[in-house]
Amino acid sequence: MPQKYKLKLVIIGEHAAGKTSLIKTFVENKFSSDYRPTIGTNIFIRRLDLAGDEVTLTVWDIAGQERWTSMRPLYYKGSSGAFIVGDLTRRSSFEAITKFWAPDLKKYAGDLPIIVLANKCDLQHEATKEDIDDCAKSIGAIAAIETSAKNGDNVTEAFMRITKAVLKKQ
Ligand code: G3D
Ligand code: MG
């Protein structure tokens, strides 16, 4: 029997790492976006067909002021998977994942599948493969994937991978 699932994903990481761009690349024309000023987020929706099952993904995107919003606990609530985005042109954005974003996520959302996205792979890298692997390993991410929101490299693959990991856990 085909199943229907509704999953909430969150996408976090330093300002300008490419979170909003990644979601927009993934949802293409099929998105509906719902801005919730009270919690400072955009919510994007896309349906996926996964081996006959219908999956409705709602992807929550922090809008600006990433680190400073007191709404982060609300933002994380009920999420079943997370992307943490680093910017390949800024090594410090991966340090911020290890030091700030992953602990913050775990504090409020508990144990859930996490994928590190090393975004902007179309540009000159400052972060090395070792930086990225160390980061992913230290936070217990299930994978680290290089993406480009600009040319679409690996974006759909990353969303498929997190969705499958979440469904496997259910
Ligand atoms: P954020 O939501 O994490 O804050 P944004 O980041 O999605 O707003 O992206 C920040 C800037 O990086 C944007 O540039 C965006 O176009 C650019 N960007 C995002 N992803 C990529 C990528 O994969 N490759 C390249 N080359 N650029 C990317 P602007 O100039 O609009 O601020
Ligand atoms: Mg954004």
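Numbering of ligands and ligand atoms starts at 1, following listing order. When a residue number appears, it is its place in the shown sequence, counting from 1. The figures here come from the full heavy-atom set of this structure, side chains too, leaving out hydrogens, waters and symmetry mates. Fair warning: this is a prediction, and the values are worked out from it, not measured in the lab.
Residue-to-ligand polar distances keep T147 apart from ligand 1: every N/O pair is separated by 3.5 Å or more. Ligand 1 has no nitrogen or oxygen under 3.5 angstrom from a nitrogen or oxygen of D61.
Annotation for ligand 1: atoms under 4.0 Å from non-hydrogen atoms of L123 are 26 (N). Heavy-atom contacts of A149 reach the following atoms of ligand 1: 20 (N), 22 (C), 23 (O) (cutoff under 4.0 Å). The ligand atoms of ligand 1 that sit less than 4.0 angstrom from a heavy atom of T20 are 2 (O), 7 (O).
Not a single protein heavy atom sits closer than 4.0 Å to atom 30 (O) of ligand 1. The nearest protein heavy atom to atom 12 (O) of ligand 1 is closer than 4.0 Å. There is a protein heavy atom closer than 4.0 angstrom to atom 24 (N) of ligand 1. Atom 1 (P) of ligand 1 lies below 4.0 Å from at least one non-hydrogen atom of the protein.
Note on ring orientation: taking the six-membered ring where Trp is involved, the planes of F26 and F159 are parallel (angle under 30°, cut-offs 30° and 60°).
D131 places a side-chain N or O within 3.5 Å of a backbone atom of T128 that can act as its donor or acceptor partner. Remark: the backbone N or O of G86 is not paired with any side-chain donor or acceptor of N119 at under 3.5 angstrom.
The residue among K120, E146, K150 with a heavy atom at the shortest distance from atom 17 (C) of ligand 1 is K120. Relative to atom 6 (O) of ligand 1, the option among G18, C121, S21, S93 with the closest non-hydrogen atom is G18.
Residues T147 and D153 bring no donor and acceptor atom of their side chains to less than 3.5 Å of each other. A donor-acceptor contact closer than 3.5 angstrom links the side chains of D122 and S148.
Counting only protein N, O or S atoms, the number found under 2.8 Å from the Mg ion (ligand 2) is 1.
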